[in-house]
Amino acid sequence: GLTVFLLRETRKMRKAQTEPKIDVTYRVREEWIAHLDIIVKNIGPGAAHDIRFRAEPCSEDPETPALIRELMEINFIRSGMNYLSPGQQASSFFTNLAENSADKMHCAFKVIVSYASDEGKDYEDEYTIDLSELVGLRRIGEPPLHKISMALEALQQDVHELVSQEHAPRR
């Protein structure tokens with residue numbers, strides 16, 4: 001009775017601890033709000049093997065197939081990935097929303113990802129990438145990387161002026 005139940009529960013827990021889970025999402029770049037990255041991450045506790053991607057439109061607009069083509073041009077999406085360990089991720093620049101933004105903001109498509117566990121069990125997950133979620137997105141304040149970049153430029157200019165004064169002929 002109890003022993004069989006505990007054995008079954010232990011097996012279930014062990015199986016859950018070796019299952020991969022591939023997550024596909026996008027992220028707005030911190031330094032530039034119009035640039036989107038695509039992120040593929042193994043959020044499960046087990047390794048994922050033979051990871052393959054395909055995409056299908058969810059919306060009928062003419063821009064969605066172009067956006068899917070842009071996605072499929074990313075090497076690790078087009079070719080797939082052999083392996084992602086638990087917690088490992090791959091990311092790449094995906095698209096610039098400043099180009100055809102009015103059209104891109106209506107795009108929605110599904111990314112279907114298939115992969116296998118260490119034991120050879122096959123999985124398939126589906127994620128909807130819906131760029132209309134970004135409509136009205138604004139950044140408050142200046143992004144930190146942009147601030148740092150501007151401060152470095154100002155510093156470089158100050159140093160240049162100091163060096164120029166040092167080497168100027170004296171009267």
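As the structure is a computational prediction, the values presented were derived from the model and not from experiment.
Interatomic distance, Leu71 CG to Ser92 OG, rounded to the nearest 0.5 Å: 9.0 Å. In this structure, the separation between CD1 on Ile51 and CG on Asn82 is 8.0 Å, given to the nearest 0.5 Å. Distance CE/Met72 to CZ/Phe53: 8.5 Å, rounded to 0.5 Å.
Annotation: side chain of Ser117 is not in contact with side chain of Thr18 (no heavy-atom distance under 4.5 Å). Between Val40 and Leu84, some side-chain heavy-atom pair lies under the 4.5 Å cut-off. Between Tyr127 and Asp23 the shortest side-chain heavy-atom distance falls below 4.5 Å. Residues Leu36 and Leu131 meet the side-chain proximity criterion, which asks for heavy atoms closer than 4.5 Å.
Here the closest heavy-atom approach between residue Pro20 and residue Ala116 is recorded as CG-O, 4.1 Å. Shown here for Ala47 and Asp118, the closest heavy-atom pair between the two residues is CB-OD1, 3.7 Å. Ala55 approaches Phe109 most closely through the heavy-atom pair CB-CD1, 4.3 Å. Heavy-atom minimum distance, Asn42 versus Gly46: ND2-O, 2.8 Å.
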Check your understanding: Between Leu67 and Ile129, is a side chain to side chain contact (heavy atoms under 4.5 Å, CB included) present by the stated rule, with each step listed?
Key -> CA-CA 11 Å; Leu67 201 59; Ile129 305 290; over 6 Å; no
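Qualifying side-chain contact (heavy atoms from CB on, under 4.5 Å) partners for Ser85, counting only residues two or more places apart in sequence or in other chains: Tyr83, Gln88. Every residue two or more places apart in sequence or in another chain was checked for a side-chain contact (heavy atoms from CB on, under 4.5 Å) with Gln156, and none qualifies. Under the rule for a ring pair (Phe, Tyr, Trp, His ring centres under 6.0 Å), the partners of Phe93 that lie at least two apart in sequence or sit in another chain are His35. In this structure Arg54 satisfies the side-chain contact (heavy atoms from CB on, under 4.5 Å) test together with Glu56, Ile112, Glu124, sequence neighbours excluded. Judged as a side-chain contact (heavy atoms from CB on, under 4.5 Å), and not counting sequence neighbours, the contacts of Ala108 are Cys58, Ser59, Asp130. In this structure Asp125 satisfies the side chain to side chain donor-acceptor pair (under 3.5 Å) test together with Lys21, Tyr115, sequence neighbours excluded.
The stretch residues 35-49 participates, sequence neighbours left out, in these salt bridge (charged side-chain N to carboxylate O under 4.0 Å, His left out) pairs: Arg27-Asp37, Arg29-Asp37. Listed by first and then second residue, the salt bridge (charged side-chain N to carboxylate O under 4.0 Å, His left out) pairs involving residues 42-53 are Asp50-Arg52 (not counting sequence neighbours). Applying the side chain to side chain donor-acceptor pair (under 3.5 Å) test to pairs two or more places apart or on separate chains, those with a residue in residues 71-80 are Asn75-Arg78, Asn75-Ser79. Sorted by first then second residue, the salt bridge (charged side-chain N to carboxylate O under 4.0 Å, His left out) pairs that include residues 59-70, not counting sequence neighbours, are Glu70-Lys104. Applying the salt bridge (charged side-chain N to carboxylate O under 4.0 Å, His left out) test to pairs two or more places apart or on separate chains, those with a residue in residues 1-10 are Glu9-Lys12.
Grouped by direct or indirect side-chain proximity (heavy atoms under 4.5 Å, Ile/Leu/Val/Met/Phe/Trp/Tyr only), Leu2 sits with Phe5, Leu6.
Transitive grouping of hydrophobic side chains (ILVMFWY, heavy atoms separated by less than 4.5 Å) keeps Ile74 and Ile39 in distinct clusters. Neither Tyr26 nor Ile43 shares a network with the other; the hydrophobic side chains, linked directly or stepwise wherever heavy atoms of I, L, V, M, F, W or Y lie under 4.5 Å apart, form separate groups for each.
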